[in-house]
Amino acid sequence: MPNTFLGSIMEYTFRDIEKKWKQYWEEQQVYKVSNDSKLPKCYILDMFPYPSGAGLHVGHPLGYIASDIYARYKRLRGYNVLHPMGYDAFGLPAEQYAIETGQHPSVTTEKNIARYREQLDNIGFSYDWSREVRTSDPSYYKWTQWIFLQLFHSWYDKKIQQARPIEELIKIFEKEGNSNAPCPTDSSFCFDGKNWKNYSEKEKREALMHYRLAYLSFAEVWWCEALGTVLANDEVVNGVSERGGHPVVRKQMSQWFLRITDYADRLLDGLEHLDWSEAMKEMQRNWIGKSTGADVRFDIQDYYGKHITVFTTRPDTIFGVSFMVLAPEHALVSEITTTQQKQAVDEYLLYVKSRSERERMSDVKQITGCFTGAYAIHPFTGQQLPVWISEYVLAGYGTGAIMGVPAGDSRDHAFAKHFELPIVNIFGKNYTGEDAYSEKTGVLDNSEFLNGLDLAKATDVAIRAIVDAGAGRAKVNYKMRDAGFSRQRYWGEPFPVVYIADSPYTIDEPQVTEYPELQHLPVELPVVESYSPGPDGQGPLANIKDWVTTPAGPRETNTMPGYAGSSWYFLRYMDPHNSEEFAGKAATEYWRQVDVYVGGNEHAVGHLLYSRMWTKVLHDLGYISFQEPFKKLVNQGMIQGSTRFVYRIRGTNKFVSSGLKKDYETDELRADVSIINGLELDTEAFKKWRDEYADAEFVLEDGKYITGALVEKMSKSKYNVVNPDDIIVQYGADTFRMYEMFLGPIDVSKPWDTKGIEGVHRFLKKLWRLYFDEQKGWIVTDEAPNDQELRIIHKMIKKTGDDIEKFAFNTAVSQFMITVNELSTLNCHKRNILEALAVLLAPFAPHLAEELWHGFGHESSVVNAVFPMHEEKYLTENTKLYPVAVNGKTRTELEFSLETDQSEIEKAVLADETVQKWLEGKTPKKVIFVKGKMINVVV
RNA sequence: GCCCUGGUGGCGGAAUUGGUAGACGCGCAGGACUUAAAAUCCUGUAUGCAGUAAUGCGUGUACGGGUUCAAUUCCCGUCUGGGGCACCA
């Protein structure tokens with residue numbers, strides 16, 4: 001075999017090899033995917049990244065490498081594989097950076113993307129870059145806006161559990177009002193056909209707003225007076241703004257919402273058929289938080305016709321109520337608070353305004369609240385119940401009010417104890433007086449007609465009684481709330497909305513048609529000079545008069561949130577250059593769902609729920625024929641950083657090695673991982689690292705400076721970031737890819753350790769030497785393989801296939817090492833074995849595999865090779881060395897044929913010398929024999 | 001606080017369905033080759049005790065219980081690391 005393709009150097013020269021084949025792939029367009037193929041399809045998708053200014057660190061590509069291996073494997077198995085990549089390019093950090101540096105987000109984003117691309121290309125992915133999408137590209141967000149229009153023009157028909165066009169709802173309203181399509185947010189809002197016809201245009205639109213899937217309503221945001229802007233949760237730290245530490249308060253603002261709650265049941269039920277981890281499904285179930293119970297109405301004393309409605313999952317405990325608690329934001333608070341209590345309530349409200357929802361839920365030990373002075377009336381006993389407000393009741397959950405049942409709920413119990421409110425024991429002996437009894441077993445007491453009833457059965461009886469008394473109804477409640485869809489920001493999709501007489505109209509509505517210039521999609525984000533917030537908490541767009549002002553009326557100045565563009569991007573990859581539709585029907589019908597979706601589990605609820613909702617909406621409206629976006633989901637864990645510490649003797653510029661630090665009073669400081677080899681600090685590099693350390697002195701141990709180490713999140717500020725580019729320069733992309741996979745299971749977090757990569761690199765060099773000799777060059781022979789060699793390669797074939805299917809890449813890499821070790825020991829250089837090995841290697845180390853593949857004389861890329869088949873006959877063994885245990889402890893090993901039956905084995909085992917010794921003359925009770933596994937003698 | 005998830009040698013990790021715990025790699029120690037180094041190769045490496053040794057016996061998968069002939073694996077409780085909790089993406 002000629003070895004001219006490599007010149008005379010016969011070492012593993014990964015730099016040349018990788019450069020050569022990257023160029024070849026590019027020239028041959030081997031990763032270009034067609035929508036027109038007879039092959040079965042497979043759609044493998046990575047969660048696209050937000051292109052941050054910091055670039056990729058070694059943690060980011062973990063999932064990308066895994067999906068790339070899977071994608072390459074599927075191609076070898078004969079699939080037409082769609083494996084695209086793009087950028088989630090809108091987001092807060094770019095805008096923040098713009099505020100700080102004055103650079104336009106589109107400029108910095110462009111720069112960051114170029115950097116990401118360069119880093120991604122380094123790693124040798126098989127992406128079809130001709131399909132790249134960017135959410136901030138007008139040709140992309142045109143369709144994000146278009147989907148928003150569909151949401152605006154649709155409502156959810158509960159009867160058929162499907163979204164329908166809003167025109168159909170208008171026809172229903174004209175005919176019969178809303179009796180058959182009750183208002184999703186306010187069941188008391190009723191009208192008939194006649195009412196409808198008499199409504200003004202404005203009233204009609206307000207009524208419809210209660211039904212639209214994208215609608216305008218009010219929500220609280222963090223408002224910072226000093227900065228004159230709305231802040232993200234992230235930007236609020238310990239109750240003050242992160243920038244400047246200014247005070248912040250919750251403030252009501254007009255916001256767009258998506259009516260995701262209408263889809264709650266379908267989002268819940270749809271989980272059943274998804275190939276996602278149980279944990280991930282469970283998180284979504286908890287987020288949706290479906291619970292069944294009852295709405296119960298309590299009249300308010302001295303306020304005729306006013307009542308407090310509570311949602312409870314425990315109507316069976318209705319006789320245990322001894323007080324009521326409203327959320328501080330509850331609309332009734334201002335109405336029912338008595339003059340005597342007003343000051344106290346106002347003070348309490350002020351306190352609550354500064355508290356985040358998180359704090360309110362977390363601080364269970366700190367009990368706060370305030371009496372309103374008002375009383376509610378128990379619907380059965382007529383008893384007076386004091387009405388309190390407290391931060392532990394959240395306005396957004398249920399009805400924003402609860403009935404206090406101290407004997408049955410631990411928070412109510414703590415509240416009653418703290419404020420010395422009465423506790424009614426309705427559980428007999430089960431309630432001890434110490435803690436609430438929250439089990440659902442036992443019998444009720446002190447509960448009138450429920451007395452003696454089993455708790456499990458009492459719920460239905462109680463609900464019936466509540467309904468009969470006209471005091472409420474059975475109710476299903478969801479913890480999930482509608483999704484806030486407005487951001488007071490610049491760097492996001494503008495809404496295709498204008499306000500006419502203060503009412504929002506989308507640009508495709510008839511009222512706007514007289515202004516054709518307004519009807520154009522996309523509504524492009526205007527170029528701005530400044531990113532400072534607009535007046536009254538509006539976003540920066542409000543400052544651009546030219547843009548805001550249109551002949552029809554002012555534009556909406558909010559922009560869409562980060563998840564808008566990412567909720568449907570997987571559809572765009574199918575047909576990324578389509579200018580007529582978000583994606584053509586032929587394309588969506590061919591590619592359909594994503595077969596495997598790989599990404600971090602931090603997206604467990606947000607992104608994954610919104611994508612599922614958008615897919616269902618597009619399905620309901622007839623645009624696509626499937627209703628789940630991601631069939632199988634694989635979550636990758638994080639690669640953590642390994643931070644290094646140096647110890648400075650207090651008040652000096654002298655640093656003491658880790659082992660000696662106990663002798664001094666020291667300060668622990670982070671040092672950059674790049675100037676530390678293992679644990680040993682390069683003291684000269686350290687001096688150069690920062691000016692302040694230029695004349696640092698060191699106290700060494702054994703002539704070395706040993707640093708301290710800690711595993712934590714990889715981040716720039718912790719100086720523990722490792723850049724894949726550096727690793728690739730030193731070891732090559734193939735080593736990097738295999739090492740990332742070798743680190744451990746894909747789904748768990750593990751620390752990065754640059755030292756360990758040597759092992760994988762050594763392995764690739766060892767593999768190389770099966771094919772090449774340093775002096776002789778290509779040494780593969782046509783000699784026929786023997787049985788032992790065949791067994792090795794077939795075991796390898798089976799293991800690789802099985803492991804890739806399971807996403808168990810770490811064990812696949814181990815198996816490669818075992819195989820190469822075995823073949824090296826056997827001095828095997830046979831084509832029959834090594835050609836198959838090269839193909840198996842292709843998904844993991846594509847550059848090296850391509851080199852080897854061409855070494856065999858192939859003209860086409862290994863990407864298009866065929867994955868070898870394993871043959872069972874090489875895998876079956878006919879004898880087994882059984883571990884033999886006495887009373888569960890392994891004492892010896894005996895070899896038997898797999899055909900040997902139990903009685904024969906028993907005989908042989910009991911005759912064995914070692915077994916005899918451990919039996920100590922006793923007769924065995926029984927012998928447990930598991931064929932192919934083990935033998936256990938029980939005495 | 002609530003929800004999800006992890007905890008196995010000095011380190012990353014392996015272990016079909018409950019069936020020989022520690023595969024593979026790093027690190028470390030010793031050796032070969034070399035003037036030397038790098039590279040490469042070989043040997044050993046959970047731990048305690050006994051033994052010159054081969055080896056033998058005991059302990060051991062965060063901790064405490066339980067089920068089982070047999071538990072890293074199943075059940076109950078405790079401790080602890082990580083992620084999410086609705087405007088970071």
Side-chain angles (χ1 to χ4, degrees), chain A residues 11 47-50 52 88 90-93 96 219 221-222 230-236 255 277-280 282-283 285-287 289 357-365 392 396 411 479-484 486-489 561-563 566 600-607 609 635 637-638 640 642 678 709 711-713 739 742-745 747-753 755-760 762-763 765-766 769 774 802 808 810-811 813-818 821 824 881-893 925-928 930 932-939:
Chain A
E11 283 170 55
M47 286 185 188
F48 62 169
Y50 174 78
S52 84
D88 188 11
F90 276 133
L92 210 44
Q96 189 56 44
V221 290
W222 281 117
V230 171
L231 298 177
N233 284 341
D234 245 33
E235 299 174 304
V236 177
Q255 310 267 308
S277 72
E278 234 356 90
M280 195 58 58
E282 194 59 25
M283 275 190 261
R285 285 190 200 107
N286 287 331
W287 183 270
E357 227 172 80
R358 180 88 50 85
E359 289 168 326
R360 286 170 60 170
M361 288 187 290
S362 307
D363 294 351
V364 290
K365 286 186 190 99
Y392 82 94
R411 280 178 312 180
K479 196 153 72 196
M480 181 166 68
R481 309 197 285 261
D482 279 342
S486 291
R487 298 293 182 265
Q488 294 71 41
R489 303 287 172 183
Y563 66 81
S566 62
N601 63 0
E602 65 270 24
H603 299 285
V605 278
H607 162 60
L609 263 184
N635 292 112
M638 262 201 313
Q640 296 150 313
S642 189
V711 171
E712 57 185 350
K713 202 169 168 165
Y739 183 54
F742 183 64
L743 273 178
D747 55 333
V748 305
S749 296
K750 55 250 161 186
W752 175 263
D753 171 26
K755 279 239 141 177
I757 201 167
E758 295 276 354
V760 174
R762 273 201 276 269
F763 148 72
K765 285 198 278 192
K766 193 165 181 181
R769 290 196 302 272
E774 256 180 67
D802 289 353
N810 56 330
T811 50
V813 177
S814 295
Q815 190 62 41
F816 271 111
M817 292 173 169
I818 294 167
N821 286 346
S824 299
L881 188 63
Y882 284 94
V884 180
V886 178
N887 275 343
K889 285 196 199 297
T890 308
R891 297 302 178 184
T892 186
E893 289 175 328
K925 262 193 218 142
K926 59 174 165 180
V927 178
I928 289 157
V930 184
K933 295 272 188 209
M934 48 67 68
I935 300 160
N936 188 11
V937 182
V938 184
V939 187

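Atom set for the values below is all heavy atoms of this structure, side chains included, hydrogens, waters and symmetry mates excluded. In what follows, chains are A, B, ... by sequence order, proteins preceding strands, each numbered from 1. The model shown is predicted, which means the values in this text are computed figures rather than measured ones.
Counting any heavy atom pair closer than 4.0 Å across all strands shown, R891(A) reaches sugar-phosphate atoms only and no base atom. Contact annotation for R769(A): backbone-only contact, meaning every heavy-atom pair under 4.0 Å involves sugar-phosphate atoms and none involves a base. Residue contacts for Q255(A): at a heavy-atom cut-off of 4.0 Å it reaches a base atom on one of the strands shown. Residue M47(A) is out of contact with every strand shown, counting any heavy-atom pair closer than 4.0 Å. Residue-level contact check: P49(A) touches neither bases nor backbone, having no heavy atom under 4.0 Å from any strand. Residue E893(A) is classed as a base contact, given a heavy-atom separation below 4.0 Å to a base. If you check every strand for non-hydrogen atoms under 4.0 Å, Q488(A) touches a base.
The gap from the C1' atom of A14(B) to that of G66(B) amounts to 28 Å, rounded to the nearest Å. Taking atom P on both nucleotides, G10(B) is separated from C49(B) by 15 Å, rounded to a whole Å. Spacing between A71(B) and A21(B) at atom P, rounded to whole Å, works out to 10 Å. For the P atom pair drawn from C74(B) and G18(B), the interatomic distance equals 8 Å after rounding to whole Å.
To the nearest angstrom, P of C88(B) lies 9 Å from CZ of R489(A).
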